[in-house]
Structures are given as C-alpha cells and as structure tokens.
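Notes follow once the structure below has been shown.
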Amino acid sequence: MNFLRALFIFFGGIATGIFYVGFIASLSFPYSEFPLIPVLISLAFVLRVRPTFFWFLLTIVSVIDLYRVAGFGVGIISLGILVFLIDRILRDLFSHRSFMGCVVISVLVGIVWNVCNEVLSAASSLINGHAMQIFSVGFFWAMCVQTILTAVIVGVLYAFVPRWWRERSPTLISGRGI
Amino acid sequence: MRFRSTKHLYWYIAGAFLIAALHFFGVLTSFERSVRVIADKPITFFFGRMQRASFLLHEWRDTQHAADVLPETIRDRDLLKTRIALVEAENAALRRELQYPERKQWLTIGAEVISKTTDIARQVLIINRGGDDGIKEHQIVFTEQGVLVGEIISAERSRATVRLINDRESRVGVLLAKNSHASGIVEGGYGLGLRLNLIPPQEVVEQGDTVVTNDTSEFMPRGLIIGRAVAVGREIYEPFQHALIESAIAFDEIHHVSIILNK
C-alpha cells in the first residue's frame with residue numbers, strides 16, 4: 001500500500017508539474033501567474049493534511065525546477081523554507097477554522113513563496129554568472145497577483161465547502177490546545 | 001500539513017535540502033534526464049497547443065476589431081483621398097499661375113539587406129547594390145513606408161555600406177511635420193536612440209510631434225519620416241532645446257530598402 005502511495009505521489013507530482021510548465025506557464029499574463037503551488041501549500045496547511053503531501057509538492061516543484069532558467073533547487077529550497085516558517089507561525093498564532101485565519105495563512109504563504117523564489121532565483125543567476133534584477137516592478141505585480149489569488153481561492157473554498165472543511169480542520173485555535 | 005513534532009518537520013526539510021544538494025553535486029543527473037525524457041514531450045505538446053490557441057484567439061480578436069473599424073477606416077481614407085486630389089489640383093493650378101518649375105520625381109532603386117553589424121560603436125547595414133547599380137556615397141536610403149534609414153558611406157561594385165541614422169556619426173537636418181519649421185539636427189547615439197539637438201529656443205516642440213527630413217543637403221529629400229518626439233527638454237544654461245526621438249522603424253528588422261539615386 002505504501003509502495004502504491006509512493007508511486008501515486010511520484011507520478012501525480014510529475015503530471016502536475018508537466019501541467020504547470022506546459023499549460024499554466026504558457027498562458028498570457030496575468031493567467032500565467034496562477035499560483036498553483038502557493039494554493040496547494042496553503043490548502044495543505046489549512047486542512048492539516050498528512051505530511052506525505054510534502055513529497056507530492058516536492059515532486060511538483062522539482063519538475064518545475066528542471067525547466068527553470070535560473071536553475072534547479074529554487075523551488076525545493078523555497079518549499080523547505082516556507083514549510084518551516086509557516087509551520088512555526090501557525091502553531092502559535094492563527095486559527096485554521098476562521099475565514100480570516102485561512103486568508104492570513106494564504107497571504108503569508110503567497111508572500112513567503114514569492115520572496116523566497118525571487119531571492120533564490122537571483123542568487124542562482126549570480127552563481128551561474130548571469131545578472132538578474134532583484135525585486136523588479138514586474139516581480140512586485142506578479143507577487144501581488146499570486147498572493148491575492150491564493151487568498152481568494154482559499155477563501156472561496158472556505159465559503160463553499162464548510163462542512164468538509166470543519167471536519168478536516170483542527171477545532172482549537174492553537175496547536176497546543178490553549 | 002500536520003507534522004507530528006518539530007523533529008519530524010526537521011527531517012522533511014532536511015530531505016528537501018538533501019535533494020537540492022544531490023543535484024548540485026551531479027548525483028541526480030541521470031535521474032533528472034529520465035524525468036525530462038518523460039516530461040519533455042507532453043510539455044512541448046501542451047506548450048505548442050497553448051501558443052497556437054493564443055495565436056488564434058489574438059487573430060480572431062484582431063479580425064473582429066478590423067471588421068468593426070473597417071467602414072470607418074474606408075470612409076476616412078476616401079475623405080483623405082478626396083482632400084489630397086483637391087489640394088493637388090489646386091497646387092498644380094497655382095504652380096502654373098506662378099510658372100514654378102516642375103518638381104522632379106525621385107529616381108530610386110530597391111535593395112536587400114545582406115548583413116548587419118553587431119558592433120555597438122558602429123550602426124551599419126550592407127546592401128546587395130553597389131557601384132554597378134549607380135550607388136554612390138552620400139545617397140539616401142529609406143524604407144518603402146517613407147522612413148529614413150541612413151546614408152551610403154561606401155560603395156563597392158556589387159554592395160554598399162549604409163550608415164544608420166542611429167549611428168554616433170550620423171547628423172540629419174530636420175523639420176517638424178506639423179509646421180515645416182526647421183527644428184534642429186538629429187544625431188544618433190551608439191545605436192541606443194536618436195536625439196534632436198539645436199532646436200531654436202522659440203520653437204515649440206511637443207511630445208508626439210513627427211520629425212521629418214529637411215532638404216538642405218544635396219542628397220537629402222524633404223519629408224522622409226524620422227520619428228516622434230518622446231521627451232523635450234531645455235536646461236537653463238543651454239541656448240537651445242533638445243528632444244529624444246523615438247524612431248519610426250525598428251532598425252534591427254530592416255530587410256528591404258530603397259536608395260534615392262537622383263533627388
């Protein structure tokens with residue numbers, strides 16, 4: 001069963017990565033900025049899914065990284081930093097059940113994901129001998145679009161699937177049960 | 001995600017960093033190549049289809065827009081043609097009244113661009129016409145749309161070199177199309193742009209004004225388009241105004257030109 005699950009995670013991740021690189025990234029702006037990864041990460045945090053989902057996300061960002069101009073590792077390290085930071089923040093601060101809690105989590109994920117990506121892409125370009133403008137106006141707009149979309153999508157999901165959401169989400173405000 | 005403990009979380013993060021490190025040291029190269037073999041074809045398929053769909057959508061929108069504005073465009077064109085015919089007839093009558101000498105038509109020859117420079121210090125084109133076709137130094141080169149391209153600076157038997165107007169050594173006397181007032185000299189700047197200098201202080205140059213050639217030199221005809229003013233400025237310590245000119249053509253995309261053999 002575990003082997004089947006691992007296969008599903010691996011090939012599902014590759015298929016989702018292919019979908020992102022071949023379909024979403026080839027759309028024109030702003031559609032190309034659809035925040036698939038931030039949305040998946042936000043939902044993973046909000047719904048408190050199994051940690052196995054982490055490997056699914058890792059497979060997706062690895063496939064996307066293979067097609068990045070800036071280089072492999074940007075998405076993987078961004079995911080690592082993001083999971084660490086957001087998990088630390090979520091444990092003590094936000095409720096997963098309230099609408100505002102979900103929106104704040106999505107906004108945090110959107111901002112941290114984009115900033116990590118931009119900084120790591122710039123660093124990777126520098127290591128590979130290319131110059132890259134960090135924090136350009138284009139990046140700022142892309143970050144805004146992605147963050148807002150992430151929050152809207154998670155907010156809409158919260159509004160439309162309340163029962164399922166409440167069953168999955170923790171009932172207490174803090175992870176320590178206070 | 002619901003990590004059981006902080007230690008558990010650290011293991012996951014360490015796993016992610018380990019994968020990045022293994023890639024960095026080349027351990028994963030063969031595996032990554034296999035994934036790319038799997039992923040390349042569907043991604044290329046998706047990407048090609050999306051690009052095609054996007055192209056078709058834009059084409060459809062352009063067609064719709066063209067269909068919407070076509071009647072208006074045809075009406076404007078007919079109006080302009082009528083006005084031009086009337087003005088030409090009036091002009092011919094006035095010339096006859098004044099016994100003004102007939103204006104000669106330009107004698108031109110077409111040429112193909114066979115080479116371009118990549119040197120930022122020189123902006124030149126090489127064309128497939130030369131001395132055998134009547135090409136000589138200082139003759140003027142323009143595109144079919146009546147836009148000035150540059151000047152012949154050397155001619156061999158079957159080819160010639162054209163200095164573009166955005167070359168740093170290019171100087172062209174110009175007029176403002178709106179009032180035909182002589183308004184300065186357009187200079188090139190290392191292929192980076194055009195600058196209109198020596199604009200008389202009393203001249204009013206505004207953003208969007210079209211700049212055309214002046215016929216003060218022996219070979220230069222009057223009225224070839226150079227571009228539009230995009231920024232106008234004057235420093236208090238300078239006696240003349242200056243402006244930045246946006247060229248009417250993309251110099252990197254010139255493939256065919258015409259040369260004026262006789263003005």
Please round to the nearest 0.5 Å and tell me the distance separating atom [atom1] of [X] and atom [atom2] of [Y].
{"X": "Tyr67(A)", "Y": "Phe47(B)", "atom1": "OH", "atom2": "CZ", "result": "12.0 Å"}
{"X": "Leu82(A)", "Y": "Ile13(B)", "atom1": "CG", "atom2": "CD1", "result": "9.0 Å"}
{"X": "Ile64(A)", "Y": "Ile43(B)", "atom1": "CD1", "atom2": "CD1", "result": "9.0 Å"}
{"X": "Asp40(B)", "Y": "Ile18(A)", "atom1": "CG", "atom2": "CD1", "result": "9.0 Å"}
{"X": "Asp65(A)", "Y": "Glu32(B)", "atom1": "CG", "atom2": "CD", "result": "9.5 Å"}
{"X": "Ile38(B)", "Y": "Ile14(A)", "atom1": "CD1", "atom2": "CD1", "result": "5.0 Å"}

Structural part of Leu57(A) lying under 4.5 Å from a heavy atom of chain B: side chain
Under 4.5 Å from any heavy atom of chain B - which part of Ile76(A): both
Would you say [atom1] of [X] has more than 12 non-hydrogen atoms from neighbouring residues, nucleotides or ligands within 6.0 angstrom?
{"X": "Arg36(B)", "atom1": "CZ", "answer": "yes"}
{"X": "Arg159(B)", "atom1": "CZ", "answer": "no"}
{"X": "Phe10(A)", "atom1": "CZ", "answer": "yes"}

Between Ala25(A), Ala44(A), Gly80(A), Pro51(A), the one whose heavy-atom pairs under 4.5 Å with chain B are most numerous: Pro51(A)
Which atoms of Phe45(B) approach chain A - backbone, side chain, both or neither, heavy atom under 4.5 Å: neither
Per-residue contact mode, Gln51(B) against chain A (heavy atom under 4.5 angstrom): side chain
Could you report the tightest heavy-atom contact between [X] and [Y], atom names first, then the distance?
{"X": "Gly22(A)", "Y": "Met50(B)", "value": "O-CG, 3.9 Å"}
{"X": "Phe54(A)", "Y": "Ala16(B)", "value": "CZ-CB, 4.0 Å"}
{"X": "Gly73(A)", "Y": "Ala20(B)", "value": "CA-CB, 4.4 Å"}

Step-by-step side-chain contact (heavy atoms from CB on, under 4.5 Å) determination, Tyr12(B) to Leu79(A): CA-CA 10 Å; Tyr12(B) 275 87; Leu79(A) 181 69; over 6 Å; no
